[in-house]
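See below for the structure under consideration.
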Amino acid sequence: MLARDFLRTHFAEMPHLLRNRTFDAGSLARWGELDAERRRVLTAVEAMKAERNTLSAEVGRKKKAKEDATAEMERAKELGVSVAAQEKRVEEIEAEFFAIEQALPNVPHESVPEGEDETGNAVLKTWGEPGVFSFTPKPHWELGTALGILDFERAAKVTGARFTVLSGEASLLSRALIAFMLDLHTREHGYREVLPPFIVNAASLFGTGQLPKFEADLFRLQGTDWYLAPTAEVPVTNLHRDEVLRDDQLTISYCAYTPCFRAEAGAAGKDTRGLIRQHQFDKVELVKFTRAEDSAEAHEKLTRDAETVLERLELPYRRVVLCRGDMGFSSAKTYDLEVWLPGQNAYREISSCSNFEAFQARRAAIRVKRTGADGKGRNEYVHTLNGSGLAVGRTLVAILENFQRADGSVAIPAALRPYCGGLSEIRRPSC
RNA sequence: GGUGAGGUGCUGGAGUGGUUGAUCAGGCCAGUCUCGAAAACUGGUGUAGUCGAAAGGCUACCGUGGGUUCAAAUCCCACCCUCACCGCCA
């Protein structure tokens with residue numbers, strides 16, 4: 001959510017500030033009307049309440065003194081009726097007001113490029129060279145099926161489309177990648193590892209911005225307000241929901257492995273083959289809470305931490321900054337990391353690193369107690385950030401496709417071998 | 001799932017309808033004292049909204065949401081959570 005103060009003081013320029021983002025201009029105009037009405041009605045109600053409180057105190061005093069307080073009680077009762085009616089109006093306004101506010105997307109950071117869609121994104125850097133193959137590189141679903149380590153058919157039988165069984169080396173590699181990534185981030189990048197619940201409640205999903213707008217993308221547990229977590233961003237960011245942190249706690253950095261569950265509503269026909277787009281996938285997530293003035297630098301650092309995983313695994317990638325129109329609802333600035341996939345002859349997203357500034361912190365009420373220049377304490381919203389470090393399934397895909405050999409076998413990156421019991425390649429068993 | 005107990009401010013812990021945003025103690029901050037510290041003493045120490053140029057008012061908040069009442073932390077209802085025991089179970 002955007003701050004009310006900000007909306008008020010920048011009301012006229014909001015359409016410009018939110019250009020290329022999806023929002024309802026009509027409801028923004030309505031916000032302006034409601035803001036004025038809300039304050040007008042609120043002031044009136046509170047004045048009546050103040051009078052009633054005074055009368056009630058008078059009643060108490062008179063009753064104690066055994067005096068007659070009938071007049072005060074009657075007057076207070078009348079006021080109570082008016083208060084109730086006006087309060088109902090306040091609640092209506094408040095509900096509509098809030099509905100508008102929580103549906104407005106974040107204002108992009110000034111460094112975010114212009115643009116309506118992914119064509120407006122800008123490649124900021126490229127690392128590594130796409131490998132040169134003496135043969136036509138295969139997509140991972142062909143490689144994995146031939147090696148007997150990816151089983152799409154049985155997954156479809158057990159559950160349905162967009163699920164995969166990893167078996168043998170694929171399962172081992174997946175487990176190794178998780179351990180490798182967590183070790184790297186905790187030992188070298190200063191993150192604290194957490195293993196959060198994989199099921200989250202509606203309040204948490206509201207806090208990070210998935211609800212109410214994107215309910216269709218989630219799996220909801222029947223008859224509850226619990227959902228399968230679509231990303232560890234949700235449980236980990238909400239670790240500090242409704243908290244006031246101490247200034248000396250910041251910056252807080254967490255990393256977490258979780259499976260992620262997405263209904264992928266509207267994704268029909270996209271990436272139907274292979275591991276790229278699944279209802280269930282594994283991810284190691286990086287989450288940071290910072291002071292407002294530290295978030296831009298923390299965003300660069302977090303993105304570097306994710307890039308380091310790719311570099312250690314010798315996977316060519318590029319960093320892209322998303323333009324205004326291609327960014328997610330809650331984000332102020334997003335870098336995507338795209339890994340080279342020779343089997344598809346394309347760079348594909350493997351990590352998305354975003355700075356949400358105070359947008360999520362306002363929704364989730366995550367604050368920090370700070371001391372002002374005047375020596376007085378005050379609460380400020382923190383800035384929250386997160387990024388994949390990395391998506392495990394897609395990393396597995398990248399290894400299979402980049403390290404494949406002419407005979408259909410796949411080498412294992414050196415950095416990963418200690419996590420695989422020294423295994424250096426995946427090869428179809430001769431038997 | 002069942003039964004019982006409980007959820008109050010940074011912490012502990014009072015408070016069962018009336019000037020209670022909340023006794024008291026601890027913590028923390030500032031001051032006095034001291035060469036300095038401790039101790040002692042004094043003062044301060046929640047959040048949000050709203051009015052106001054400011055000073056300063058006002059309103060709301062004692063797990064959450066309703067209800068009763070002139071008045072609710074206190075009474076009633078529902079729900080959530082915690083703890084204990086039972087059942088079940090990885």
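This is a predicted model, so every value here is computed, not measured. Residue numbering restarts at 1 for every chain, and letters A, B, ... go by the order of the sequence lines.
One side chain, A:S352 or A:D336, offers a donor N or O that lies under 3.5 Å from an acceptor on the other.
Comparing the P positions of B:rC28 and B:rA38 gives an interatomic distance of 10 Å, to the nearest angstrom. Comparing B:rA72 with B:rG66, their C1' atoms are spaced 14 Å from each other, to the whole Å. On the P atoms, B:rA25 is 13 Å away from B:rA40, given to the nearest whole Å. A gap of 23 Å separates the C1' atoms of B:rG57 and B:rG18, to the nearest Å. B:rG67 and B:rA54 have their P atoms separated by 36 Å, given to the nearest Å. Comparing B:rC80 with B:rA14, their P atoms are spaced 27 Å from each other, to the whole Å. The separation of B:rU68 from B:rC76, taken at their C1' atoms, amounts to 7 Å, rounded to a whole angstrom. The gap from the C1' atom of B:rG46 to that of B:rC41 amounts to 26 Å, rounded to the nearest Å.
A donor-acceptor pair is defined here as one N or O able to donate and one able to accept, closer than 3.5 Å; no such pair exists between the side chain of A:T334 and the backbone of A:G328. Judged purely by atom type and a 3.5 angstrom limit, A:R154 has no side-chain atom pairing as donor or acceptor with the backbone of A:V165.
Proximity of A:R75 to the phosphate of B:rC70: no side-chain N or O atom is located under 4.0 Å from OP1 or OP2.
How far CG of A:N238 is from CD of A:Q360: 8.5 Å, rounded to the nearest 0.5 Å. Atoms NE2 and CE, from A:H185 and A:M181 in turn, are 7.0 Å apart once rounded to the nearest 0.5 Å.
RNA chain B lies under 4.0 Å from no heavy atom of any residue of residues 85-98 of chain A.
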Contact pattern, 5' to 3', of nucleotides 43-58 of chain B - B, S or - by protein heavy atom under 4.0 Å: ---SSSBSS------B
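A cation-pi geometry, defined here as NZ or CZ lying under 6.0 Å from the six-membered ring centre and within 45° of its normal, holds between A:R363 and A:F206. A:K288 forms a cation-pi arrangement with A:Y191, by the criterion of a distance under 6.0 Å to the ring centre and an angle within 45° of the ring axis.
Mapped onto RNA chain B by nearest heavy atom, A:T54 and A:E74 fall at different nucleotides, with A:T54 at the one closer to the 5' end.
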Working for ring pair (Phe, Tyr, Trp, His ring centres under 6.0 Å), residues A:F97 and A:W31: CA-CA 6 Å; A:F97 199 52; A:W31 186 93; 5.1 Å; yes
Pairwise N/O distances under 3.5 Å, protein to nucleotides 88-90 of chain B:
none

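Aromatic pair A:H383/A:F289: centroids not less than 6.0 angstrom apart. A:F261 and A:Y227 have their aromatic ring centers separated by at least 6.0 angstrom.
Counting to the nearest Å, the C1' atom of B:rU19 and the NZ atom of A:K63 are 16 Å from each other. Atoms NZ (A:K64) and C1' (B:rC70) sit 16 Å apart, rounded to a whole Å. Taking atom CD on A:E67 and atom P on B:rG18, their separation rounds to 18 Å, with Å as the unit.
The only member of A:F329, A:Y381, A:F6 that meets ring pair (Phe, Tyr, Trp, His ring centres under 6.0 Å) when paired with A:F359 is A:F329.
In a base pair of the Watson-Crick type (N1 to N3 plus N6-O4 or O6-N4) or a G-U wobble (N1-O2 and O6-N3), with each distance short of 3.5 Å, B:rG1 is matched with B:rC86. For B:rA78, the paired base is B:rU64 (Watson-Crick or G-U wobble, both distances below 3.5 Å).
The environment of CD in A:E215 is crowded: more than 12 heavy-atom neighbours from other residues, nucleotides or ligands sit within 6.0 Å.
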